[in-house]
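Keep in mind it's a predicted model, so treat the numbers as computed, not measured. Just so it is clear, the values below take in all heavy atoms, side chains as well, and ignore hydrogens, waters and symmetry mates. Protein chains get the first letters and strands the later ones, always in sequence-line order, with residue 1 at the start of each.
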Amino acid sequence: MESNKFENWIFNSYSPTGEGLGLYRIFAALLFLVFLLPDFGFYSTLNAMPDDLFTPPPGPMMLFDSFPPEIFLQAVHVLLVISWIGVLIGFKTKWSSIAAGISMLVLQGFMFSLGKINHELLLSVTPIVMSFSNWGTKFSVDERLNKDTAEVQGWPLVLLALFIGFMMFTAGFPKILGGWLDPSTQATRGHLFNQFFLRERQELLAEFAVRFDVAFVWEFLDWATIIFEVGFLVAVWKAGWTRLFVCFAAIFHFSTMMTLNIAFLPNFLAYAAFVKWEKVYRFISGEENESIVESAGRKRVWSSVAIVALFFIGLRILSDLGFVMTPREPSFYELVLLSIAVLIVVGVAINVAWRKTQESQAVSARRS
Amino acid sequence: MRRKTIKRVFLFFIIYLPLQYGLVGIVGYYQSEPWPAFVFPGFKNVFVFEGSYEIQRTRFELVDPGSDRITELTPRQFFPDVPNTMMSGFMRAKFSDDETIQSFDESTKQWLLQRAIDKADEHGTDLHIHHAVIYLSGDPSSIEPDSIVTTNRFTIIEQ
């Protein structure tokens, strides 16, 4: 790899703005605090387990003989919440972000010591990586105190993309070895049956999918899954490709939620980093409209943040009350959030198609 | 952070990520998946067997020898407070082989028995775990389980 290409990839793939990163930081913190916090009650479950059921995965948790006292896990949980609140309001943002990532690593380490790892590492990695982007320079306490005046950085987005791309590759590569590409077997359908009958994941379109008997469609899904997962690593090379694959990811997770009832919301914390937040900022603040003064633009941003926060909290309460749907997996809020994500992807696709059509019409008009 | 340091960070991870993936494969083969690791689940299995589909089934069986009554509990009923996403891995790690089960000390076995009694709301003195494979067949549009084959049945506690 030529050095200048390598440097160009690292330093010039993304050019985030302080405002854009600030909006993403607030969005990520709200998403985590409202929807992605570990279940506080689970610590008493772990603590009640006999030591014989403590099965730490190979790694640092093997230093322990049993689950730690409940109070320890609760204290780390409180630290996690405080850290994410620090990220939300942008107070000592870099250290809050790193503390948020590390405390989640500790909690996950113990939660996964029942013998099963949930692949949610991005919940820890995202705040740590993004802390180096200086995402606390705008819309933050640090900004008010003039503490965080560092220049925003784009390279953490490249690093995050590399992590996601590589992790996607590790999901796709074993499928190739496992025979997913064999046209005589439909692996996706087999997994659907496994989830439907064994794990009783029978919500939404699961039953329809179980009854759906068109082999070539299932085989297409086998291939599409592998192309998407392995291709993500290649897509990391360019920001545009990464964003395209993040859009595919939203559709992929939506379809697995509808059929396999697996939503995988934690990944969206990281995917959201690749939204063009600077455009979102310009849209919300009315920066493109010169008649709107800066202070009014800021007010519009804070109003939008308040609306999103209220929507998230309302959605969570509605979901927990079980008025709309009661299954444990997927939850109502996962259904709503992933549906919104797919609607955004569809909206972006229509917008891009519209712009391309306009551009080609303009070019042909100029030629004629 | 200086540009040179950032470049080194990237070089480190470009080398580290495939290396740790190899390590995850080796350690995972002999023991279990390490943590933390930059991996997503592979779901590499293709659940197809001689033209039909097979799925694993696990049940806890609480037995009351006095009445010969057997009460079955799904892992989800037995451990309702453990997230569903962790259940199959938890069962695999702790309840899939006799050696692991027999390594439990007496207090653990009693704890499991008491939990079975509480969750089943039935009396019992013996607790077993029953692993089976369910074969699904029939017309794919109306696929149903057609047979169950026991693969293992381990005793957790027996009076």
So do [Y] and [X] actually touch side chain to side chain, heavy atoms under 4.5 Å?
{"X": "M86(B)", "Y": "F112(A)", "answer": "yes"}
{"X": "M167(A)", "Y": "Y21(B)", "answer": "no"}
{"X": "W35(B)", "Y": "L105(A)", "answer": "yes"}
{"X": "R3(B)", "Y": "W155(A)", "answer": "no"}
{"X": "F79(B)", "Y": "T45(A)", "answer": "no"}
{"X": "K44(B)", "Y": "I176(A)", "answer": "no"}

Least distance between heavy atoms, [X] atom then [Y] atom:
{"X": "K94(B)", "Y": "D52(A)", "answer": "NZ-O, 2.9 Å"}
{"X": "P50(A)", "Y": "T108(B)", "answer": "CB-OG1, 3.5 Å"}
{"X": "G42(B)", "Y": "P174(A)", "answer": "CA-CG, 4.1 Å"}
{"X": "G115(A)", "Y": "A93(B)", "answer": "CA-CB, 3.7 Å"}
{"X": "H119(A)", "Y": "V39(B)", "answer": "CD2-O, 3.3 Å"}
{"X": "P41(B)", "Y": "A171(A)", "answer": "O-CB, 3.4 Å"}

Counting heavy-atom pairs under 4.5 Å to chain B, which of [options] comes out on top?
{"options": "D182(A), T225(A), N267(A)", "result": "N267(A)"}
{"options": "G178(A), G172(A), G179(A), A215(A)", "result": "G178(A)"}
{"options": "F42(A), F11(A), W180(A)", "result": "F11(A)"}

Considering only heavy atoms, which portion of S103(B) lies under 4.5 Å from any heavy atom of chain A: side chain, backbone, both, or neither? backbone
Measure distances from Q20(B) to the heavy atoms of chain A and classify the residue's part below 4.5 Å as side chain, backbone, both or neither.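 The side chain, not the backbone.
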Nearest 0.5 angstrom please: [X] [atom1] to [Y] [atom2], how far?
{"X": "L112(B)", "Y": "L53(A)", "atom1": "CG", "atom2": "CG", "result": "6.0 Å"}
{"X": "E33(B)", "Y": "K116(A)", "atom1": "CD", "atom2": "NZ", "result": "8.0 Å"}
{"X": "M62(A)", "Y": "Q31(B)", "atom1": "CE", "atom2": "CD", "result": "4.5 Å"}
{"X": "F40(B)", "Y": "T170(A)", "atom1": "CZ", "atom2": "OG1", "result": "7.0 Å"}
{"X": "I10(A)", "Y": "K7(B)", "atom1": "CD1", "atom2": "NZ", "result": "7.0 Å"}
{"X": "I14(B)", "Y": "F6(A)", "atom1": "CD1", "atom2": "CZ", "result": "4.0 Å"}

Ring centroid separation F38(B) to F163(A) under 6.0 Å: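 They qualify: ring centres under 6.0 Å apart.
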Any chance the rings of F10(B) and W9(A) have centres within less than 6.0 Å?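 Yes, close enough.
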Atom [atom1] of residue position [X] - does it have more than 12 heavy atoms of other residues, nucleotides or ligands inside 6.0 Å?
{"X": "F12(B)", "atom1": "CZ", "result": "yes"}
{"X": "D118(B)", "atom1": "CG", "result": "yes"}
{"X": "K119(B)", "atom1": "NZ", "result": "yes"}

Chain B contact via [X] - side chain, backbone, both or neither, heavy atoms under 4.5 Å:
{"X": "L177(A)", "value": "neither"}
{"X": "L159(A)", "value": "both"}
{"X": "Q108(A)", "value": "both"}
{"X": "V158(A)", "value": "both"}
{"X": "D222(A)", "value": "neither"}
{"X": "N194(A)", "value": "both"}

Decide side-chain contact (heavy atoms from CB on, under 4.5 Å) for L162(A) and L17(B); before the verdict, give the C-alpha distance in whole Å, the side-chain angles of both, and the deciding distance to 0.1 Å. CA-CA 9 Å; L162(A) 179 65; L17(B) 288 172; 4.0 Å; yes
So which of I6(B), I134(B), N45(B) has the biggest tally of heavy-atom pairs under 4.5 Å with chain A?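 Highest number of heavy-atom pairs under 4.5 Å: I6(B).
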